[in-house]
Amino acid sequence: MSDDRRYWLVKSEPDVYSLHDLERDGTTYWDGVRNYQARNMMRDDMKTGDLVLYYHSNTNPPGIVGLAKVVQEGYPDPTQFDSNDKHYDPKSKADNPRWYVVDVEFVAHFDQKLDLQGLKEDEALDGMILLRKGNRLSVMPVEEHHFQRVLDLAGYAG
DNA sequence: GCCAACGTTGGC
DNA sequence: GCCAACGTTGGC
């Protein structure tokens, strides 16, 4: 039911995992998220087919660079159980995992990056979680009218 | 590299 | 269960 489709935004540092990396890989699991709010969304709310704005953080300028989509709903993040992994969590137990991932698939690059400054200046995007002061969520919901506005700004026709 | 924002941890 | 200390994020 398309009425149930939700929209999301994920942040990634391009030096760590860029949209080009996702394009190369096709799909990936969105690992390493260690924030409970973001975890809950991946575990409970992100559904197959949901569209995801792809944001590059810690780069100059930061901004939205393209689109991905959810292709596998929440399951335990394998990196939490791997003691050699940066994201290892010794407190997480296999029978009661603490952290979850979804699988995302590359959809498209936008023709140009929609930089953060420009997004802040667009009145149609007022209230977007991404633009709230102090926001540090790396996975967040996006309202449909904000999502559509971002596609319009990107000149993205699908 | 700085630092504001804010989530988590741990002593009490 | 409070809250200070600490760690991380991420814009600048």
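Proteins get letters first, then strands, A, B, ... in listed order; numbering begins at 1 in each.
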Sorted by number, residues from residues 53-64 of chain A placing a heavy atom under 4.0 Å from DNA chain B are none

request  = Just compare B:dA5, B:dT8, C:dG11 and give me whichever is closest to any side-chain atom of A:Tyr36.
outcome  =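 Ranking B:dA5, B:dT8, C:dG11 by closest atom to the A:Tyr36 side chain puts B:dT8 first.
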
Take atom [atom1] of [X] and atom [atom2] of [N], then tell me their distance rounded to the nearest Å.
X        : N      : atom1 : atom2 : answer
A:Lys120 : C:dC12 : NZ    : P     : 4 Å
A:Arg136 : C:dG11 : CZ    : P     : 12 Å
A:Leu131 : C:dT9  : CG    : P     : 20 Å
A:Met140 : C:dG10 : CE    : P     : 8 Å
A:Ile129 : C:dG10 : CD1   : P     : 14 Å
A:Arg39  : B:dT8  : CZ    : C1'   : 14 Å
A:Leu137 : C:dG10 : CG    : C1'   : 13 Å
A:Lys86  : C:dT8  : NZ    : C1'   : 10 Å

Looking at every non-hydrogen atom in both residues, tell me the closest pair between [X] and [Y] and how far apart they are.
X       : Y        : value
A:Ala38 : A:Leu137 : N-CD2, 4.1 Å
A:Arg98 : A:Gln80  : N-OE1, 3.2 Å
A:Val33 : A:Arg39  : CG1-N, 4.3 Å
A:Gly74 : A:Tyr100 : C-CD2, 4.0 Å

* To do: Answer with yes or no whether the side chains of A:Arg136 and A:Ser57 bring together a donor and an acceptor at under 3.5 Å.
  => no

Donor-acceptor pair present, A:Arg34 side chain and C:dT8 base, under 3.5 Å
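Per atom types, no contact qualifies.
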
- Side chains of A:Leu67 and A:Leu53 in contact at under 4.5 Å (non-hydrogen atoms):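 Sidechains of A:Leu53 and A:Leu67: in contact.
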
I want to check one thing: is the phosphate of C:dT9, taken as OP1 and OP2, less than 4.0 Å away from some side-chain N or O of A:Lys11? no

Contacts of A:Lys91 and A:Lys133 projected onto DNA chain B by closest heavy atom; the upstream (5') one is A:Lys133

- Query: Does the separation of the ring centres of A:Tyr36 and A:Trp99 fall below 6.0 angstrom?
  - Reply: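 Yes, the ring of A:Tyr36 comes within the 6.0 Å limit of the ring of A:Trp99, centre to centre.
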
ask   = Checking all strands, does A:Leu130 fall into the base, sugar-phosphate, or nothing category for heavy-atom contacts under 4.0 angstrom?
value = nothing

